[in-house]
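Every value quoted in this text rests on a predicted model; they were computed, and no experiment measured them. Here is the naming used below: chain letters follow the sequence lines, and residue numbers restart at 1 for every chain.
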Number of protein chains: 2
Amino acid sequence: MVTIKDIAKLANVSHTTVSRALNNSPLIKGPTKKKILEIASQLNYSPNYNAKSLVMQKSHTIGLFLTSISNGTSASFLADTIKGVNAAISQEYNLFIRGIDDYEDYSSINPQRFDGIIVMSQSIQDHSFIYHVLQKKIPIIVLNREIEEDYIMNILSDDKEGSRQAVQYLIDCGHKDIGIIEGTPSFKSAQMRKEGYLTALIDNHFPIQQEYSVNGNYDMESGYKGMEKLLLLGKPPTAVFCSNDDMAIGAMNAVYAHGLSVPDDISIVGFDDSGFAQYTTPGLTTVKRPVEQISYLGAKNILSLVTGKEVTLEKVYVNTELIIRKSVKSIEKRC
Amino acid sequence: MVTIKDIAKLANVSHTTVSRALNNSPLIKGPTKKKILEIASQLNYSPNYNAKSLVMQKSHTIGLFLTSISNGTSASFLADTIKGVNAAISQEYNLFIRGIDDYEDYSSINPQRFDGIIVMSQSIQDHSFIYHVLQKKIPIIVLNREIEEDYIMNILSDDKEGSRQAVQYLIDCGHKDIGIIEGTPSFKSAQMRKEGYLTALIDNHFPIQQEYSVNGNYDMESGYKGMEKLLLLGKPPTAVFCSNDDMAIGAMNAVYAHGLSVPDDISIVGFDDSGFAQYTTPGLTTVKRPVEQISYLGAKNILSLVTGKEVTLEKVYVNTELIIRKSVKSIEKRC
DNA sequence: TGATAAAATGTTAACGTTAACAAAAAATGA
DNA sequence: TCATTTTTTGTTAACGTTAACATTTTATCA
């Protein structure tokens, strides 16, 4: 491999001068710089980032950590996250992706290895990880899940408001008996969406019926089972808010399996607007959550943090959007 | 940060001895080693991989490159790939993920930065990248797409055989007019699946009708449009083989939009068995492609290659599996 | 023109680790 | 017991880069 010393020899300068030219330092003469750059490109020089990192005490690596890669994270969520981050991270940074649950201890998470860390957090259990990162003084940004600490940058969608809007929409459509299939209990998002659901009911002075809330864990099967439970009720709800699209699809299938129809017998709304929501039959009305945008913003911001640019924002809520398709029946004309 | 020299001082030995203890070299006395290890863990020592990499000329990084992260790669494919690789890569390696199309030039892809590279290849255009890696003498393994060079390790699913089986199944069900919606033309997988389709027809001495082949690019919308084109034909096919599940879902929706039914009017099979294939209505009959398994195998093998273990295999075909659900109607009783 | 300031380049050390070689300590054997 | 071998430890250099400081060259101005 060609090093700056090789270039130095050919250019008849010291290796420091080469270093300066390559990093376009201001204290170098134009012609010298030009000559060095030319030789470098001729030799196809590429810097050794290990050496650079060693001396500069920087890793040139951004870590993207998800709660889990393999458990409970939907494909579209993972893909959107990576797409968003990938688009924002410039080529001179390594992008390192792992699940927090891949680690038994966090000893290898330190400033030497990571210039900055993005946590796409889906569970309150991530807290010990976040705390560790904080303690090691690695710049961090937490996405997707609200955290109390106001000195940590935090970007998330307003899930509570999003689900409130969705349930309000059901109410506007004339529904009075509205069920919910909840997400993985330990995930903050599941709690927020439940709160939005409750808020809408309370706002409209609707009674809260315990048996209309059933558990789920964000996967399709739990949606199927949740809906079955609701259908077996003496008086099933006429509309069900599912805490994500995957469960909504499972729920739709449960409805069909019971010989009923969506939306004629049961109306359904989902949450996420994952890629296939528009291709279900009928098209799924859902709350669009801007995962990719959140990830993109997060990556941009961690880069600013890492490069020492002043970043002011501390908590950013990205708006959700209600996407109306065909899975909700209008009982009254209002919606 | 604590270094081996700090440990050395406390243990009253030289830093080399510490290095040896930490890397459990055989030429160190038991008690000495034990003492050093104790101090190290007490101080919460964690090695500086930049220094290590610099002196050992190793990067401790495995690169996972996909044809593209943002264009034409489905969410489930991306997610499965990452899951498989992530599960196999041990904690002491960095996992670096990027799209080949994120690079304008490959100068930063060199042995200093990558101990080994996994290419999850979806397009023949990846060849220049593969060639570059080869030229730099970085251990490489190519997944998912067949390559001619027999000295490159290559793991892939037998798409041609998989699609042949799928189409044969349609034929067994009594279908005679069978259409295909093709995948992105430049992707080898699209070609192989087309070949499987043709092989099945030829095996059964069916005529090949040009107008039954329509283009697509693996996304849902192209599946929708492709099906529309087929439906507008004077005599539409009774069954359509879609080159992936996403397009199959688009196609199903096109059928519904025309007031027809799946599978009563048109039978559909997909390819991939992506997560939601079982939750479409009706459930999608499809060819299961073991993306996660391929990725896992690939990662295991690149690790063996990198650590110098002898690896014999050169080309591995992983079997696909026909998953029969409800999207195909049996015209005859044979299936 | 020559002293002085400014700009450009060079020298040397440092980052934290491993490796080659050197030295010391321990074990062996006559 | 002491020479010899073997085992264990230490010393020094190296990896490729940047940074602090030193030196040389160039520009400025009286």
Side-chain angles (χ1 to χ4, degrees), chain A residues 1-37 39-40 43-61 92 94 107-108 110-115 307-308, chain B residues 1-37 39-40 43-61 92 94 107-108 110-115 307-308:
Chain A
M1 288 302 305
V2 23
T3 72
I4 54 170
K5 286 185 181 172
D6 300 325
I7 300 175
K9 224 171 269 171
L10 282 169
N12 242 296
V13 295
S14 77
H15 69 277
T16 311
T17 303
V18 175
S19 172
R20 282 194 270 254
L22 258 22
N23 295 290
N24 51 64
S25 143
L27 30 77
I28 194 159
K29 249 204 299 202
T32 321
K33 179 173 163 181
K34 203 180 145 205
K35 182 173 66 173
I36 292 174
L37 255 35
I39 296 178
L43 295 186
N44 229 298
Y45 169 79
S46 156
N48 184 320
Y49 275 87
N50 289 126
K52 242 178 144 128
S53 298
L54 180 58
V55 69
M56 295 176 79
Q57 313 271 50
K58 274 194 64 179
S59 65
H60 295 273
T61 297
E92 78 224 75
N94 287 336
S107 60
S108 62
N110 59 45
Q112 292 162 351
R113 290 186 84 172
F114 297 100
D115 284 353
T307 53
Chain B
M1 288 302 306
V2 23
T3 72
I4 53 170
K5 286 185 181 172
D6 299 327
I7 300 174
K9 224 171 271 171
L10 282 169
N12 243 296
V13 294
S14 75
H15 68 277
T16 310
T17 302
V18 175
S19 171
R20 284 195 269 254
L22 258 22
N23 295 289
N24 50 65
S25 143
L27 31 77
I28 194 158
K29 248 206 298 205
T32 321
K33 178 173 162 180
K34 200 180 149 206
K35 182 174 65 173
I36 292 174
L37 255 34
I39 297 179
L43 296 186
N44 229 298
Y45 169 78
S46 154
N48 184 321
Y49 275 87
N50 289 125
K52 241 179 145 128
S53 298
L54 180 59
V55 69
M56 296 176 80
Q57 314 271 51
K58 274 194 64 179
S59 65
H60 295 273
T61 298
E92 78 223 74
N94 287 336
S107 60
S108 63
N110 59 47
Q112 290 162 350
R113 291 186 81 172
F114 297 100
D115 284 354
T307 51

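- Judged purely by distance below 3.5 Å, without hydrogens or angles, the side chains of B:Arg113 and A:Asn94 pair a donor atom with an acceptor atom.
- For C:dT9, its base never sits under 3.5 Å from the side chain of A:Thr32 at any donor and acceptor pair.
- B:Leu27 comes within contact range of at least one nucleobase, with a heavy-atom separation under 4.0 Å.
- Within the model, atoms NZ of B:Lys9 and OG1 of B:Thr3 stand 8.0 Å from one another, a figure rounded to the nearest 0.5 Å.
- Of all nucleotides listed (D:dT18, D:dG10, C:dG16), D:dT18 comes nearest to the side chain of A:Lys52.
- Atoms CG (B:Asn50) and P (D:dA14) sit 22 Å apart, rounded to a whole Å.
- Here A:Tyr45 does not reach the OP1 or OP2 of D:dG16: none of its side-chain N or O atoms lies under 4.0 Å away.
- Distances shorter than 4.0 Å separate none of the side-chain N or O atoms of B:Ser14 from OP1 or OP2 on D:dT11.
- Here the nucleotide nearest the side chain of A:Gln57, chosen from D:dT9, C:dG16, C:dT9, is C:dG16.
- With rounding to whole Å, A:Lys34 atom NZ is found 17 Å from C:dA8 atom P.
- Closest approach of B:His60 to B:Asp115, counting heavy atoms only: N-OD2, 2.9 Å.
- Looking at which nucleotide of DNA chain D each of B:Met56 and B:Gly30 is closest to, the 5′-most match is held by B:Gly30.
- Taking atom CD1 on A:Ile4 and atom P on C:dT9, their separation rounds to 15 Å, with Å as the unit.
- Taking every heavy atom of both residues into account, B:Asn48 and A:Gln112 meet most closely at CA-OE1, 3.6 Å.
- A straight line from NZ of B:Lys5 to C1' of C:dT17 spans 9 Å, rounded to a whole angstrom.
- In this structure, the CG atom of B:Leu54 is 10 Å from the C1' atom of C:dT18, given to the nearest Å.
- Judged by atom type and distance alone, A:Thr16 reaches the base of D:dA19 through a side-chain donor-acceptor pair under 3.5 Å.
- Heavy-atom nearest nucleotides on DNA chain D were determined for B:Val55 and for B:Lys33, and the one closer to the 5' end corresponds to B:Lys33.
- Following rounding to the nearest Å, A:Ile28 (CD1) and D:dT25 (P) show an atom-to-atom distance of 16 Å.
- Put simply, OH on A:Tyr49 is 18 Å from C1' on D:dC15, counting in whole angstrom units.
- Under 4.0 angstrom from either OP1 or OP2 of C:dG16 there lies no side-chain N or O belonging to B:Thr3.
- Residue contacts for B:Asn23: at a heavy-atom cut-off of 4.0 Å it reaches the sugar-phosphate backbone alone, with no base atom in range.
- Between A:Ser19 and D:dT17, a side-chain N or O to OP1/OP2 separation shorter than 4.0 Å is absent.
- For C:dT11, the base has no donor-acceptor partner in the side chain of A:His15 [N/O atoms by modelled type, under 3.5 angstrom].
- The distance between atom CG of B:Leu22 and atom P of C:dG16, rounded to the nearest whole Å, is 15 Å.
- With hydrogens and angles left out, the side-chain atoms of A:Ser19 and A:Thr16 include no donor and acceptor closer than 3.5 Å.
- At the phosphate of D:dT7, neither OP1 nor OP2 sits under 4.0 Å from any side-chain N or O atom of B:Lys29.
- Mapping A:Arg20 and B:Asn48 onto DNA chain C via the closest heavy atom, the residue that lands nearer the 5' end is A:Arg20.
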Where do A:Lys5 and A:Val18 land on the side chain to side chain contact (heavy atoms under 4.5 Å, CB included) test, with the steps shown first?
CA-CA 8 Å; A:Lys5 286 185 181 172; A:Val18 175; over 6 Å; no
